[in-house]
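To start, the structure itself, in structure tokens.
Predicted model, so just to flag it, every value in this text is computed and none were measured. The sequence lines fix the lettering, A, B, ..., with proteins before strands; numbering per chain opens at 1.
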Amino acid sequence: MFDLDRWREIFQSINKNRLRSVMSGFTVAFAILLFTLLFGVASGLGNFFKSAFADDAQNMMFVRVWKTTKPYKGLQTGRAIQLKNTDYNYVTDEYEDKIQYQSARIYKNFSIKYKNKASTFNVRAVHPDHQFLEKTIMDEGRYLNERDIREKSKVIVIGRLVKNDLFGEKLALGKRVNVNGSSFLIIGIFSDEGGDNEERMAYIPVSTAQMMYGNNDYISQINLGYNPNLSTDAAIAFGKKVERDMRKRLNIHPDDQSALSVRNMAEANKFVSILMFALFLIIGFIGSGTLVAGIIGISNIMIFVIKERTKEFGIRKALGATPGSIIGMVVQESVLITTLAGYFGLTLGTYILSAIGNSLEEKYFIKDPSVSSGIVIGATVILIISGLIAGYVPAKRAARIKPIEALRAD
Amino acid sequence: MIKIEKLHKSYPIGKDSLHVLKGIDLHIKEGEFVSIMGSSGSGKSTLLNIVGLLDIHDKGDYYLNGELIKDLNEKKAAILRNKFLGFVFQSFNLISYKTALENVALPLYYKGMSRKERLKVAMDYLEKVGLKDWASHLPNELSGGQKQRVAIARALVTNPKVVLADEPTGALDTTTTDSVMDLLKDINDEGMTVFVITHEEEVAEKSKRIVRLRDGIIISDTLTKAAKAL
């Protein structure tokens, strides 16, 4: 392997037969290039899907209600369903062990005023856990806490863009703003990866909202984070169970999808993971197919090369070359060409992927396509092995060449 | 040097087999210059292949340099060829992408000699065949006679016991034929055993002993005038 003379023989053979060497190298380089691009694009798609769902907690599910569309137990269609605190308490008590985070949510549209500046913003009235469900990032101050809920405090957490609109560069934390006529203390400023809409928003305690605006116990939505220890299937089953329970509780027809729905991230997660699995299966199949085609390609060329060199091997054997030395020479040449060409294809592929970067995210949902170092190492090993296989089969044949037959073929 | 007793060889042709050598007895001593003559199909090439360890015999005994050749695997045959035998072929059989010097040095590579040393030895032998100035030329830049001289240098470079030449002048014109045969004669004069296969009387006359084959058996074994003159 480290025999300098052997390498000299091989380099001479490659160098003196450049077209042949380039042709066989091209097959491998092209196969590896395709392999790299395929895997890169697949991982780019995967990255996109992951980031698309990264805005909210991965284990989020929420219960929403509208109007009934089916009569049930003597009740007419078109009845508006209203969730209340008792419903929220029922769910959170009944399934305590299956729930990690819990929060009610009330949607409001309020004008928020500071000095002479005023604008209308979406305001959500929530429980403290909402921070984790929405993945709210605190830039300054704090989020709502249990005490705010208990004491029905007039405190508000505002989004980064709300602060920009009302305060500009000035300090906002600790200032008071007028929310729909009442004075609220700003206790925190947040940002959110979900985009501008999520940051042009404010949060107040759910209890404060219920007291001030209508003095009732109505809520718009129940948001839950299921226990992350649950398997995806168990989480989906949990969501279905909550849906059935709530229908029964609120006298809704079991099939009335429009009146009540439970949206469960577990289902989306399952869908995405099945999709990704299928994608990688397809790409793995095509990718390895391409590799196999490349190996067969180089093996084919090697067989042709052996035929072309039959006489040379015959001469070498007549002069004292052992079969082993012929096999060694052919295999080593094959491995060298495969590895060099494959490395070239791999480098080119990686370069193309990094050049693509995020430019295809908008149109083709491909984000930061790249091949992991594991795949690179794997591909290198495959290359060397394929070079061995591609070389060994024809080399074995070359070593079997009988000098007399080879030398007779003029 | 070469001792053959009751040698038989047949080749399978479909279901039948062709009996090519039908009991050859031949004894060639060290320093002899022997020609094997015969028309095509007489078995002379087969005999050379067996003597050259390029093929195996079916029956009989073959001693090379006192060693019984039997159950030879490819590796062992390759080593024996490298050690004891030098080949000269009708079609020269030089490697086209190697220079004259590299072609001559190739057997030494398989002997395991260092590059520097083998190029030096190869150059000495090229000089011996009068082609020192052509060392860096590729085979297709040489004339037929020059190619055969390179091939002879390559056959001699390992300092073998026997040089086996298969129709060495078959592809050459009369003038070059003479010079190649003179070269083989010079080599023989230095003590090398030379074993030539030919169908040309004039070529055979240059050797010292002529063995004639017909249909797989030896029909005559005589000394030449050249040998008697000594």
Side-chain angles (χ1 to χ4, degrees), chain A residues 1-22 24 304-333 337 395-410, chain B residues 11 45-46 48-56 73-99 102-119 138-139 151 154-155 157-158 160 164 166-167 170-171:
Chain A
M1 197 65 186
F2 298 103
D3 180 357
L4 189 65
D5 276 332
R6 168 77 69 79
W7 283 114
R8 208 174 259 132
E9 284 286 312
I10 286 165
F11 279 122
Q12 189 177 39
S13 151
I14 290 176
N15 201 31
K16 293 286 166 67
N17 304 286
R18 260 180 226 149
L19 180 69
R20 184 183 80 198
S21 312
V22 167
S24 40
F304 174 73
V305 165
I306 300 304
K307 252 205 152 81
E308 198 188 63
R309 293 173 75 180
T310 298
K311 193 163 180 172
E312 179 192 330
F313 293 136
I315 298 168
R316 284 176 184 273
K317 285 183 87 172
L319 298 182
T322 58
S325 82
I326 300 279
I327 293 180
M329 192 170 83
V330 174
V331 167
Q332 212 166 314
E333 188 176 324
I337 292 176
K396 193 83 184 157
R397 178 184 286 199
R400 269 205 304 271
I401 292 173
K402 284 233 152 72
I404 6 164
E405 283 156 27
L407 297 176
R408 203 178 283 153
D410 282 314
Chain B
Y11 289 108
S45 287
T46 308
L48 179 108
N49 286 332
I50 290 169
V51 169
L53 305 177
L54 298 171
D55 207 347
I56 43 173
N73 65 27
E74 285 229 42
K75 191 178 174 183
K76 211 169 160 207
I79 293 167
L80 287 177
R81 277 198 293 270
N82 188 260
K83 207 165 150 190
F84 293 131
L85 305 170
F87 288 93
V88 177
F89 301 97
Q90 177 177 359
S91 50
F92 322 128
N93 283 331
L94 300 174
I95 291 175
S96 61
Y97 61 83
K98 286 180 177 289
T99 64
E102 286 166 338
N103 264 291
V104 175
L106 194 60
L108 298 175
Y109 165 67
Y110 288 113
K111 210 170 187 141
M113 196 182 276
S114 80
R115 182 177 163 82
K116 209 174 153 189
E117 201 178 341
R118 65 175 189 259
L119 288 181
L138 292 173
R154 184 178 64 184
V157 78
T158 52
L164 298 171
D166 184 10
E167 301 275 7

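Atom-to-atom distance recorded for B:Thr99:OG1 and A:Gln12:CD is 7.5 Å, nearest 0.5 angstrom. The CD1 atom of A:Ile315 sits 8.0 Å away from the OG atom of B:Ser91 when rounded to the nearest 0.5 Å. The distance from atom OG1 of A:Thr322 to atom CZ of B:Arg81, rounded to the nearest 0.5 Å, is 10.0 Å. Interatomic distance, CG of B:Asn93 versus NZ of A:Lys311, reported as 4.5 Å (0.5 Å rounding). Rounding to the nearest 0.5 angstrom, the gap separating the CD1 atom in A:Ile326 from the CD atom in B:Glu74 is 10.0 Å. The CG atom of A:Leu319 sits 12.5 Å away from the OH atom of B:Tyr109 when rounded to the nearest 0.5 Å.
With chain A as partner, the option from B:Arg154, B:Lys111, B:Lys75 having the largest number of non-hydrogen pairs under 4.5 angstrom is B:Arg154. Interface summary for chain B: among A:Ala399, A:Gly324, A:Ala318, A:Ser325, the most heavy-atom pairs under 4.5 angstrom belong to A:Ala318. Each of B:Lys76, B:Lys98, B:Glu102 has some count of heavy-atom pairs under 4.5 Å with chain A, and the biggest count is that of B:Lys98.
Atom NZ of A:Lys396 sits in a sparse spot, with 12 or fewer heavy atoms from other residues, nucleotides or ligands closer than 6.0 Å.
In this structure, chain A has heavy atoms under 4.5 Å from both the backbone and the side chain of B:Tyr97. Looking at B:Gln90, there are no atoms closer than 4.5 Å to chain A (heavy atoms on both sides), in backbone or side chain. The part of B:Leu94 that comes within reach of chain A is its backbone (N, CA, C, O), which places non-hydrogen atoms under 4.5 angstrom from that chain. Residue contact with chain B, scored on non-hydrogen atoms closer than 4.5 Å, involves the backbone and the side chain of A:Arg316 alike.
Nearest heavy-atom pair across A:Ala321 and B:Ala78 is O-CB, 3.4 Å. Closest approach of B:Tyr110 and A:Gly320 over heavy atoms only: CB-O, 3.7 Å.
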